[in-house]
Amino acid sequence: MMFYDHKINSRLLLGTAGYPSPEILSDAIIESQTEIITVSLRREGKAGASFRTLLNQVNKKFLPNTAGCHTVKEAVTTAQMARELFNTDWIKLEVIGNADTLQPDPFALVEAARILTQDGFKVFPYTTEDLIVGEKLLEAGCEVLMPWGAPIGSGQGLRNIEALRTMRAYFKNVPLIVDAGIGSPSQAAHAMEIGFDGILLNTAVAKAKDPILMAAAFRDAIVAGHHAYRAGIMEKRDMAYASTPIYGLADFN
Amino acid sequence: MNIYLNGNLLTTSAKTLSELLKEQNIDSTVVAAAMNGDFVPRHVYETTAVTEGSKIEILSPMQGG
């Protein structure tokens, strides 16, 4: 599986925010077997130095985000700062349209994606399941699309699964990552079963009672869901169909 | 001269961004900077003038989703 020019083995992309401690975050990253972790930029706080140390130690590829940006200008400036700070041209582009729902502003998203792609960025856009927005993002130069499953941090799972199925069918050869809203491993597995290429999540692991164990659960669920997709899931039937052969059935009458 | 550094009003004698970072004891290799909404690359800190009322953001790596 390729995200831009980068070959990945793990299909789990893990966020780094909201863990009970830096040690648990570090262990969860290791347990998840993720290769890509999301990070952000903020004004330096007390824990700044220890987080930098952790980033140096985990040896993962960084996907910085533009979380909290509401305009094209904010997102572009944040992306440029992230490129220098994290030494990567990857950017998880979020342009938020509403502070309560945290849904993407698709118009600003497409514009920011175009500007950043022209500036040499490899853009991972946090988008909706809208096909035309997806088309415009590809036209703008994105080679990956990241539709939401549900609002960020909501844990509602795949709120519009039929639209996600349509998106998968429509963008046959585009890497699609479900980003945001995943609450439980079964939801992640479901997204993988319908053919998504990866899952980006944070809160579901960070806010679990045992984040390290939950990281393992997501790791396994995503692998299982992907295997199931490749294996080909049987079609549903309206009626029962005996799985055990009738031939050779004993007659006890 | 008064400027805003990360939203806080600050009186400084620094003439450039490079001088400001030194004055504030900020290691320029672990931060990224923006002035008045625009990104300022590290290699131009020394030639970037800080002027009255400048709004400067100095950002660090942080946890994110």
Side-chain angles (χ1 to χ4, degrees), chain A residues 13-19 22 25 37-56 62-68 71 73-74 76-87 92 94 102 119 126 152-153 179-182 200-207, chain B:
Chain A
L13 296 80
L14 190 64
T16 56
Y19 290 76
L25 165 60
I37 56 172
T38 59
V39 288
S40 72
L41 294 83
R42 290 290 181 264
R43 293 166 174 173
E44 173 108 18
K46 280 182 221 157
S50 65
F51 187 59
R52 279 199 299 276
T53 307
L54 185 149
L55 291 184
N56 289 332
F62 301 137
L63 177 58
N65 68 29
T66 62
T71 66
K73 173 79 176 166
E74 287 170 0
V76 168
T77 299
T78 302
Q80 290 168 335
M81 295 173 85
R83 179 163 60 181
E84 185 178 77
L85 198 53
F86 294 104
N87 195 27
K92 178 187 166 185
E94 294 182 36
L102 299 181
D119 191 16
Y126 162 62
I152 295 172
D179 173 17
I182 296 291
L200 198 167
L201 59 90
N202 186 155
T203 312
V205 169
K207 298 303 181 195
Chain B
M1 172 171 62
N2 293 317
I3 61 155
Y4 292 91
L5 178 61
N6 287 352
N8 297 316
L9 187 63
L10 186 81
T11 302
T12 179
S13 57
K15 293 186 180 62
T16 64
L17 196 51
S18 178
E19 286 178 23
L20 179 70
L21 290 171
K22 281 199 192 89
E23 182 193 273
Q24 297 296 313
N25 292 317
I26 296 169
D27 177 357
S28 66
T29 63
V30 296
V31 294
M35 190 185 293
N36 300 324
D38 290 317
F39 169 58
V40 182
R42 198 173 285 148
H43 65 89
V44 298
Y45 286 177
E46 286 193 4
T47 54
T48 301
V50 174
T51 55
E52 179 72 31
S54 293
K55 289 181 178 165
I56 296 163
E57 292 286 340
I58 304 293
L59 302 186
S60 303
M62 208 58 64
Q63 294 87 340

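Below, read A as the first sequence line, B as the second, and so on, with proteins coming before strands; counting in each chain starts at 1.
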Identify the heavy atoms of B/Leu59 and A/Leu85 that sit nearest to each other, and give their distance. O-CD2, 3.7 Å

Spacing of CZ belonging to B/Phe39 relative to CZ belonging to A/Arg83, to within rounding of 0.5 Å: 7.5 Å

Among A/Gln80, A/Glu84, A/Glu74, which has the most heavy-atom pairs under 4.5 Å with chain B? A/Glu84

Please round to the nearest 0.5 Å and tell me the distance separating atom CD1 of B/Ile58 and atom CZ of A/Arg42. 15.5 Å

Run the side-chain donor-acceptor check on residues 28-36 of chain B: report pairs under 3.5 Å with partners two or more places apart or on a different chain.
{"unit_1": "B/Thr29", "atom_1": "OG1", "unit_2": "B/Asp27", "atom_2": "OD1", "d": "2.7"}
{"unit_1": "B/Thr29", "atom_1": "OG1", "unit_2": "B/Asp27", "atom_2": "OD2", "d": "3.2"}
{"unit_1": "B/Asn36", "atom_1": "OD1", "unit_2": "B/Lys55", "atom_2": "N", "d": "2.8"}

Main-chain N/O of A/Arg43 paired with B/Ser60 side-chain donor or acceptor, under 3.5 Å: no

Closest heavy-atom pair, A/Arg52 versus B/Pro61, reported as atoms and distance to 0.1 Å, is CG-CG, 4.0 Å

Is it the side chain or the backbone of A/Glu94 that comes within 4.5 Å of chain B heavy atoms, both, or neither? side chain

Ranking A/Thr78, A/Thr38, A/Asn202 by heavy-atom pairs under 4.5 Å to chain B gives rank one to A/Thr38

Part of A/Leu55 within contact of chain B (heavy atom distance under 4.5 Å): side chain

May I ask you to list the residues in residues 1-19 of chain B that approach chain A closer than 4.5 angstrom, counting heavy atoms only, ordered by number? B/Asn6, B/Gly7

Of all heavy-atom pairs linking B/Glu57 and A/Met81, the shortest is O-CE, 3.9 Å

Atom CD of B/Gln24 with >12 non-hydrogen neighbours under 6.0 angstrom: yes

At their closest point, which heavy atom of B/Gly65 faces which heavy atom of A/Ala17, and how far apart are they? N-CB, 4.3 Å

Give me the atom names and distance for the closest heavy-atom approach of A/Ser40 to B/Gln63. OG-O, 2.8 Å

